[in-house]
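Since the structure is predicted, the reported quantities are computational estimates derived from the model, not experimental observations. Heavy-atom basis, side chains included; hydrogens, waters and symmetry copies ignored.
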Amino acid sequence: MRSSNPVFSRRGFSRDNGYAGFNTAPQAGGAAVGARGNPYATGNPYAQPGAGADPYAQNPYAQNPYAQQGAPQAPVATGNRMTMDDVVMRSAMTLGTVVVGAVLAWALLPVSSTSYGLAIGAALIAFVLAMVQSFKRKASPALILSYAAFEGVFLGVISEMFNSRWSGAPFQAVLGTMAVSGATLLVYKAGWVRVTARYARIGMTIALAFILVMAVNLLLVVFGVAEDGGLRSMGPLGAIVGILAIVLGAFFLTLDFKQIEDGIAYGAPREESWLAAFGLTMTLVWIYIEMLRLVAIFSGDD
């Protein structure tokens, strides 16, 4: 459970008797980023739980990349701590790479079976790069930006294909993605949604069940058991599944927001901002793809 990929799980920035930092808060009186309550200033915060221990009381995303096993961990230097500016800048770079890749693919690859094959190839490469980064102990900007480039190519080709049949669908999907993201951020900042360990466990259980069902549905479609896409049809059932997928995307965004908030509060190393950008990008891609399908379904055969 160490992936920044919303399809799998999240990599947390902090841990203090909570789920990847959930249900925790910086200690008062200067200990917020000091020795107590700060996983970046104490001993190994990623030690494996003992027998019978609650697995959600440990960081499920990664082993400690900052200190040797059992060795005391020095506090992160103030000038090397992650800030919101770091997250915004890295996210802009990653999302910008996705956009550039999409625009180039749209402009240079006409709608055809060849471009569709290239899109599938780009998606597979992006998936492999995402998995490699997810299992690395440290963020690799080169891997993350390469993932963004190939993901952009995939999105550019499929967006052009959707636009050729449902004119304006990609633009509407972008607006829908922005609306969902903005509304989720508003709800999160207003405190209407509290990201707790229980919230994360329940949400991830639903998400994993959804992914499993979608994988089975894909196999049934491939082998001809389910017709017209099965659960992912372009009819009412497909619309319901698409709406559920978008709701799950909003759930993943709340996890992203919480982990960024915790990372800044606990003084996570600046390189962690790349992981924040990586997670946000994958979540937004998830939402955009589902929104694109949903727009097409509601547009019908027009």
What is the distance from atom [atom1] of [X] to atom [atom2] of [Y], rounded to the nearest 0.5 Å?
| X | Y | atom1 | atom2 | value |
| --- | --- | --- | --- | --- |
| Met282 | Asp256 | CE | CG | 10.5 Å |
| Leu292 | Ile287 | CG | CD1 | 13.5 Å |
| Asn80 | Asp86 | CG | CG | 9.0 Å |
| Met214 | Ile211 | CE | CD1 | 10.0 Å |
| Ile240 | Leu294 | CD1 | CG | 11.0 Å |
| Leu237 | Ile297 | CG | CD1 | 9.0 Å |

Are [Y] and [X] connected in a single hydrophobic cluster, I mean Ile/Leu/Val/Met/Phe/Trp/Tyr linked by side-chain heavy atoms less than 4.5 Å apart?
| X | Y | value |
| --- | --- | --- |
| Phe210 | Met204 | yes |
| Leu95 | Trp106 | no |
| Phe298 | Leu244 | yes |
| Ile243 | Leu253 | yes |
| Leu185 | Trp286 | yes |

With a 4.5 Å limit on heavy-atom distance, are the side chains of [X] and [Y] in contact?
| X | Y | result |
| --- | --- | --- |
| Val153 | Leu118 | no |
| Leu109 | Leu104 | no |
| Tyr116 | Met161 | yes |
| Lys258 | Thr254 | no |
| Glu272 | Arg81 | no |
| Val174 | Met291 | no |
| Arg90 | Arg270 | yes |
| Leu155 | Ile158 | yes |

Is a side-chain N or O of [X] found less than 3.5 angstrom from the main chain of [Y], in a donor-acceptor match?
| X | Y | answer |
| --- | --- | --- |
| Ser115 | Pro110 | yes |
| Trp274 | Ser91 | no |
| Asn217 | Leu231 | yes |

Taking only residues two or more places apart in sequence, or in another chain, which ones meet Glu151 in a salt bridge (Lys or Arg N to Asp or Glu O under 4.0 Å)?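 Testing Glu151 for salt bridge (Lys or Arg N to Asp or Glu O under 4.0 Å), a comparison that skips the adjacent residues, returns none.
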Salt bridge (Lys or Arg N to Asp or Glu O under 4.0 Å) involving Arg293 - partner list, sequence neighbours excluded: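 Arg293: no salt bridge (Lys or Arg N to Asp or Glu O under 4.0 Å) contacts found.
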Tell me whether the count of non-hydrogen atoms from other residues, nucleotides or ligands lying under 6.0 Å of CZ in Phe150 goes above 12.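 It does not: Phe150 CZ has 12 such atoms or fewer within range.
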Is it true that atom CE of Met178 has more than 12 heavy atoms of other residues, nucleotides or ligands lying nearer than 6.0 Å?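 Not more than 12 within 6.0 Å, no.
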Nearest atoms (heavy-atom pairs only) where [X] meets [Y]:
| X | Y | answer |
| --- | --- | --- |
| Gln133 | Ser140 | OE1-N, 2.8 Å |
| Thr177 | Leu284 | CG2-O, 4.0 Å |
| Val295 | Ser299 | O-OG, 2.7 Å |
| Ser134 | Phe278 | OG-CE2, 4.1 Å |
| Ser159 | Pro170 | O-CG, 3.2 Å |
| Asn163 | Ala169 | OD1-N, 4.1 Å |

Cut-off 3.5 Å, side chains only: do Thr94 and Tyr147 have a donor facing an acceptor?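 Note: Thr94 and Tyr147 side chains miss the donor-acceptor criterion.
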Do Asp228 and Ser233 pair up side chain to side chain, a donor and an acceptor below 3.5 Å, judged on atom types alone?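 Side chains of Asp228 and Ser233: no pair found under 3.5 Å.
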Assess the residue pair Leu280 and Ile260 against the criterion (side-chain contact (heavy atoms from CB on, under 4.5 Å)); give the C-alpha distance rounded to whole Å, side-chain angles, the decisive distance to 0.1 Å, and a yes or no. CA-CA 10 Å; Leu280 281 172; Ile260 291 170; 3.7 Å; yes
I need the single residue from Phe251, Tyr188, Phe252 that forms a ring-ring contact (aromatic ring centres under 6.0 Å, His included) with Phe257. Which is it?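 Exactly one candidate clears the test, Tyr188.
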SB check Arg232 Glu290 (cutoff 4.0 Å):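 A salt bridge links Arg232 with Glu290.
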Suppose we screen for side chain to side chain contact (heavy atoms under 4.5 Å, CB included). Which residues come up paired with Val128, at least two apart in sequence or across chains?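 With sequence neighbours excluded, Val128 shows a side chain to side chain contact (heavy atoms under 4.5 Å, CB included) to Val132, given in chain and number order.
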Quick one: do Val221 and Glu227 satisfy side-chain contact (heavy atoms from CB on, under 4.5 Å)? Show the steps, please. CA-CA 6 Å; Val221 171; Glu227 299 180 352; over 6 Å; no
Could you walk me through whether Ile125 and Phe154 pass the side-chain contact (heavy atoms from CB on, under 4.5 Å) check? CA-CA 10 Å; Ile125 293 174; Phe154 168 70; over 6 Å; no
